[in-house]
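Below: one structure, written as structure tokens.
In the text below, chain A, chain B and the rest are named by the order of the sequence lines, each starting its count at 1. In this text the structure is predicted, and so the values were computed from the model without any measurement.
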Amino acid sequence: MPKKRAYWLMKSEPDVFSYDHLVAAKKSTTHWDGVRNYQARNTMRDDMKVGDLVLYYHSNTKPPGIVGVAEIVREGYPDHTQFDPGDSHFDPKSKEDNPRWYMVDLRAAAELPNYVTLDELKANAKLQDMAVVQRGQRLSVQPVTAAEFKEVLKMGGLKASNLP
DNA sequence: GCCAACGTTGGC
DNA sequence: GCCAACGTTGGC
């Protein structure tokens with residue numbers, strides 16, 4: 001039996017790489033480099049599968065919130081920036097034959113007609129357990145349940161039929 | 001293996 | 001710009 005599609009949330013600072021940047025990228029696709037947290041690494045390396053859907057979250061902006069949906073189009077593979085001494089994400093302790101950091105490829109799927117702010121997420125009783133609303137939650141790649149995903153789509157005014 | 005110091009995240 | 005929360009590092 002095929003595994004059920006999973007759902008995730010990924011944070012990005014819009015000044016660095018916004019949802020619009022993703023849409024404008026070649027094939028509306030990008031590689032999600034630069035993650036240097038082991039838990040997020042494990043998720044990308046081990047758990048994200050092609051076809052999984054991602055809530056695209058804008059952090060460090062006013063107001064923070066979910067702007068759109070993306071689709072995983074390539075599963076975990078080594079993040080090349082860890083081997084580049086000129087890159088700000090260079091990791092001198094990582095070896096090419098045993099890479100420490102992984103990334104996935106992401107393609108824009110659909111923008112939410114209504115931006116869903118963090119305040120709105122926090123105010124929704126159905127989303128009290130969602131990772132992103134928890135106090136002190138800094139993880140940039142988080143799991144989302146199917147029910148939470150569906151609720152965010154509803155809040156954002158996006159029909160599931162508009163998704164891949 | 002403990003834990004203080006340090007660095008980063010990210011809301012406010 | 002502040003700072004709480006939290007992850008990582010390194011001395012011991």
Proximal nucleotide (of [options]) relative to the [X] side chain:
X	options	value
A:Tyr38	C:dT9, B:dG11, C:dT8	C:dT8
A:Pro64	B:dG11, C:dG10, B:dT9	B:dG11
A:Leu118	B:dG10, B:dT8, B:dC12	B:dC12

Phosphate contact (B:dC12 OP1 or OP2) by A:Lys122 side-chain N/O below 4.0 Å
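Yes, A:Lys122 has a side-chain N/O under 4.0 Å of OP1/OP2 on B:dC12.
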For [X] and [N], what is the distance between atoms [atom1] and [atom2] respectively, to the nearest whole Å?
X	N	atom1	atom2	value
A:Arg100	C:dG7	CZ	P	17 Å
A:Gln137	B:dC12	CD	P	14 Å
A:Glu13	B:dG11	CD	P	9 Å
A:Lys62	B:dC12	NZ	C1'	9 Å
A:Arg138	B:dC12	CZ	C1'	16 Å
A:Gln39	C:dT8	CD	P	9 Å
A:Met10	B:dT9	CE	C1'	16 Å
A:Lys93	C:dG10	NZ	C1'	9 Å

Report the distance from atom CG of A:Leu118 to atom NE2 of A:His58, rounding to the nearest 0.5 Å.
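If I round to the nearest 0.5 Å, the distance is 14.0 Å.
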Looking at A:Arg45, A:His31, A:Arg36, which hits side chain to side chain donor-acceptor pair (under 3.5 Å) with A:Asp79?
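Testing A:Asp79 for a side chain to side chain donor-acceptor pair (under 3.5 Å) against A:Arg45, A:His31, A:Arg36 leaves exactly one candidate, A:Arg36.
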Do A:Glu75 and A:Lys49 come close enough that some side-chain heavy atom pair is under 4.5 Å?
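Yes, at least one pair of side-chain atoms sits under 4.5 Å.
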Around atom CD of A:Gln134, are there more than 12 heavy atoms of other residues, nucleotides or ligands at under 6.0 Å?
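Atom CD in A:Gln134 is packed in, count exceeds 12.
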Nearest-nucleotide comparison on DNA chain C, the residue closer to the 5′ end among A:Asn37 and A:Asn60
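Nearest nucleotide further toward 5': that of A:Asn60.
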